[in-house]
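Not measured: the values here are computed from a predicted model.
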Amino acid sequence: VMTVAEAIYALAGAGGGREAIALVRQGFDVTAFDFCGALTKACRSHLADAGLEARVLDAPPDSLPSELSVYDGIYAGRGFYHHIPGRSRRVAFLKGCRRVTVPGSPFFLSDFFTRVTNDRFYDRTFVIANAIRRFRRSPDAVEVGDWLNNCMQHAFVPSEIESELGEAGFRLALYADSPFGPGSHLGHAVGIAE
């Protein structure tokens, strides 16, 4: 049986370091990464201010850094996953995560936006945004669940999370609404590497 001190975790979406600091304080060996250089810089700074050490890497957009090795689990930081645009990009990202995890490893998706099926807001956004994209001759279509609020975000129904994880080689083991209540429109999920 592996102890926490022996567990090596990757953290996708290092952000300012909140999850990296928490995982290191729990005794995990952490490699954190993010797509935004300003955030990885902040993560490094906050780890140093806390007197903690973790490897923090810069990653190309919607992908994994080439320096990753093999991990006992991956944690996708709060709000990270719903910012990856398009199912194909998200699944490619998840496949990359599966390649760097051992069978049986957990993949934690933390605080992604959720929606109910047939939500009028997302249905209208889908129709209007795709009409504008066709008019502008954009090659990328908007998906049901995509929306803008300072930046692109996607809100999921449970079947999307299960399908995307499954296509990448993870079995959905847990799907739960946020403990902040249904009004938060946030969910959590755990996939297990097969």
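The heavy-atom pair separating Leu68 from Thr31 by the smallest distance is CD2-CG2, 3.8 Å. Shortest non-hydrogen contact noted between Tyr81 and Arg90 is OH-CB, 3.3 Å. When all heavy atoms of Ala14 and Asp34 are compared, the closest pair comes out as N-OD2, 3.2 Å.
Between Ser163 and Arg87, the side chains place a donor N or O and an acceptor N or O closer than 3.5 Å (distance only, hydrogens not considered). No donor-acceptor contact under 3.5 angstrom links the side chains of Ser105 and Asp72, judged on distance only.
Looking at Leu172, Val190, Ile192 one by one, the single match for side chain to side chain contact (heavy atoms under 4.5 Å, CB included) with Leu165 turns out to be Leu172.
Taking the six-membered ring for Trp and the full ring otherwise, Tyr9 and Tyr71 have centroids separated by 6.0 Å or more. Taking the centre of each ring, Phe113 and His185 stay at or above the 6.0 Å mark.
The environment of CD in Glu67 is crowded: more than 12 heavy-atom neighbours from other residues, nucleotides or ligands sit within 6.0 Å. Summarising the local packing, CZ of Phe121 is surrounded by more than 12 heavy atoms from other residues, nucleotides or ligands at distances under 6.0 Å.
Taking the salt bridge (Lys or Arg N to Asp or Glu O under 4.0 Å) definition, one finds that Asp123 meets it with nothing, sequence neighbours left out. For Arg115, the salt bridge (Lys or Arg N to Asp or Glu O under 4.0 Å) partners two or more places apart in sequence, or in a different chain, are Glu160.
Salt-bridge formation is not detected for the pair Arg44/Asp49: no Lys NZ or Arg NE/NH1/NH2 atom is positioned less than 4.0 Å from an Asp or Glu carboxylate oxygen. Between Arg171 and Glu162 there is no salt bridge, since none of the side-chain N atoms of the basic residue sits less than 4.0 Å from a carboxylate O of the acidic one.
Using cut-offs of 30° and 60° for the angle between ring planes, the Tyr122 and Trp147 rings count as perpendicular. The aromatic rings of Phe80 and Phe33 lie perpendicular to each other, with more than 60° between the two planes, well past the 30° mark.
The shortest distance between side-chain heavy atoms of Glu53 and Val24 does not fall below 4.5 Å.
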